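The shown structure was predicted, so the numbers you read here are calculated from the model rather than taken from an experiment. In each ligand, atom 1 is the first atom listed, and ligand 1 is the first ligand listed.
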Amino acid sequence: MPTDPEPRRADGAAIPALSLRAVGKRYGGTTALEGVDLEVAEGEIMGLLGHNGAGKTTLMSLVAGLLTPDTGRIEIRGVDTGSDPRRARRDLGLAPQELGVYHTLTVRQNLRFFAELAGLRGRRARARTEEVAEPFGLTALLERRVSALSGGEQRRVHTAMALLHRPKLVLLDEPTAGVDVETRARLIGYVKELAGSGTAVCYSTHYLPEVEALDASVAVLDHGRLIARGTLPELVRSHGDSAVELTFDGGVPPLRLPWPVTHGADGVLRVHVEQPQLATTDVLAALGESVRLLVNLRVVQPSLESAFLHLTARELEAGRHG
Ligand code: ATP
């Protein structure tokens with residue numbers, strides 16, 4: 001299938017693979033997305049993060065054309081999805097959360113069917129079926145009926161189907177939900193290869209280490225609003241929390257410490273300090289007699305997980321007080 005040359009603006013600047021401007025969507029009385037501005041560059045992997053119900057699937061469904069935005073504008077490679085939906089989505093690959101595989105067909109038949117839907121014919125369709133099966137570990141399963149595959153294997157078929165026509169923009173909605181460790185590692189390798197060849201990837205997940213393994217940029221949705229966007233190091237630097245975590249025998253004793261603290265589950269006390277690896281001696285000294293009750297001490301360095309929890313907790317607080 002012919003593809004457009006790499007799109008550029010009149011001034012020579014690259015046009016993003018995906019651009020959302022002020023996008024909003026409501027379901028009845030529920031605001032699923034509000035005022036979302038977002039760009040994904042060619043060859044970029046964007047990890048889309050957010051708690052359950054944050055709006056990730058809604059965002060992907062809008063980009064894919066399964067839903068229509070109430071407000072705003074979505075462009076794929078510079079083409080407006082509202083005014084020219086067919087051209088805009090010609091180079092789009094989508095693997096939604098809900099599995100879309102035909103159970104009575106074999107893996108090969110499923111892949112061939114979707115290859116043909118994407119405009120591939122004959123030898124090209126056959127070749128792509130084999131090519132895409134390989135990194136997903138489906139080669140040995142090609143003649144098996146999908147109904148006779150495990151849940152994780154079915155998800156692999158489902159994700160492979162989205163990639164048959166070498167799309168320029170891929171939307172993967174929790175592609176590793178329920179798959180095993182090996183498949184996850186393979187998928188991550190394949191997504192990185194795809195991005196290396198210029199494909200932009202929107203990848204939603206609840207497994208934050210995957211975002212790190214993908215070396216993805218991050219977008220955080222919270223209650224339908226985009227609350228953070230940046231590279232991993234940027235987010236971790238500006239929002240990652242560092243602490244010395246203390247566990248005491250019989251729960252946290254009364255303490256007066258010169259640092260901010262938070263109480264975690266199971267009697268764990270988090271003492272928020274910068275450079276926690278250097279602060280442990282000071283923290284131990286400040287415990288006084290209570291140090292004898294200490295059963296565990298852990299240095300917590302800033303991480304994506306702490307940045308994510310910090311960001312979404314802050315929004316929760318703002319929501320409560322706002
Ligand atoms: P998850 O991580 O659980 O998959 P998500 O971030 O993908 O969540 P969405 O599925 O986009 O979240 O949902 C966003 C909000 O819209 C939620 O409050 C959800 O309850 C609501 N919602 C989603 N689909 C519908 C629908 N068809 N009708 C009514 N409300 C909906």
R270 and V300: which non-hydrogen atoms are nearest, and at how many Å?
-> NH2-CG1, 3.7 Å
Among non-hydrogen protein atoms, atom 31 (C) of ligand 1 lies closest to Y27 CD1, 3.3 Å
Test applied, salt bridge (charged side-chain N to carboxylate O under 4.0 Å, His left out); reference residue, R229; option that passes from E44, E39, E234 | E44
Tell me, which protein residue and heavy-atom name are nearest atom 4 (O) of ligand 1, and how many Å apart are they?
-> Q97 NE2, 3.1 Å
Heavy atom of protein closer than 4.0 angstrom to atom 11 (O) of ligand 1 = yes
Within-cut-off N or O pair, G55 and ligand 1, under 3.5 Å = yes
Can you check side chain to side chain contact (heavy atoms under 4.5 Å, CB included) on H263 and V252, steps first, answer last?
-> CA-CA 9 Å; H263 291 259; V252 181; 4.0 Å; yes
Does atom 19 (C) of ligand 1 have any protein heavy atom closer than 4.0 Å?
-> no
Aromatic plane relationship, Y102 with F114 - under 30° parallel, 30 to 60° tilted, over 60° perpendicular = tilted
Counting heavy atoms only, which of L59, N52, L67, L62 comes nearest to atom 1 (P) of ligand 1?
-> N52
Going by the side chain to side chain contact (heavy atoms under 4.5 Å, CB included) test, name the single residue among L62, L59, T57 that passes it with L67.
-> L62
Looking only at heavy atoms, what is the nearest atom pair of I74 and V63, with distance?
-> CD1-N, 4.2 Å
If the plane angle is over 60° it's perpendicular, under 30° parallel, otherwise tilted; pick one for H51 and F308.
-> tilted
F136 ring centre to R186 NZ or CZ under 6.0 Å, with the angle to the axis within 45°?
-> no
So the atoms of ligand 1 within less than 4.0 Å of a heavy atom of E174 turn out to be 2 (O), 4 (O)
of all protein heavy atoms, closest to atom 9 (P) of ligand 1 is T58 OG1, 3.6 Å
E143 bridged to R108 by N-O distance under 4.0 Å = yes
Passing candidate, side chain to side chain donor-acceptor pair (under 3.5 Å) with T31, options K25, H223, R26 = R26
Among R26, K25, K56, the residue with a heavy atom nearest to atom 5 (P) of ligand 1 is K56
Looking only at non-hydrogen atoms, the one of G29, G53, G50 nearest atom 15 (C) of ligand 1 is G53
Under a heavy-atom criterion of less than 4.0 Å, does M60 contact ligand 1?
-> no
Can you find an N/O atom of A54 closer than 3.5 Å to an N/O atom of ligand 1?
-> yes
Which atoms of ligand 1 sit under 4.0 Å from any heavy atom of H51?
-> 6 (O)
Short version for T30: what comes under 4.0 Å of ligand 1, heavy atoms counted, is side chain
Quick one: look at H206 and ligand 1, take heavy-atom pairs under 4.0 Å, and tell me if it's side chain, backbone, both or neither.
-> side chain
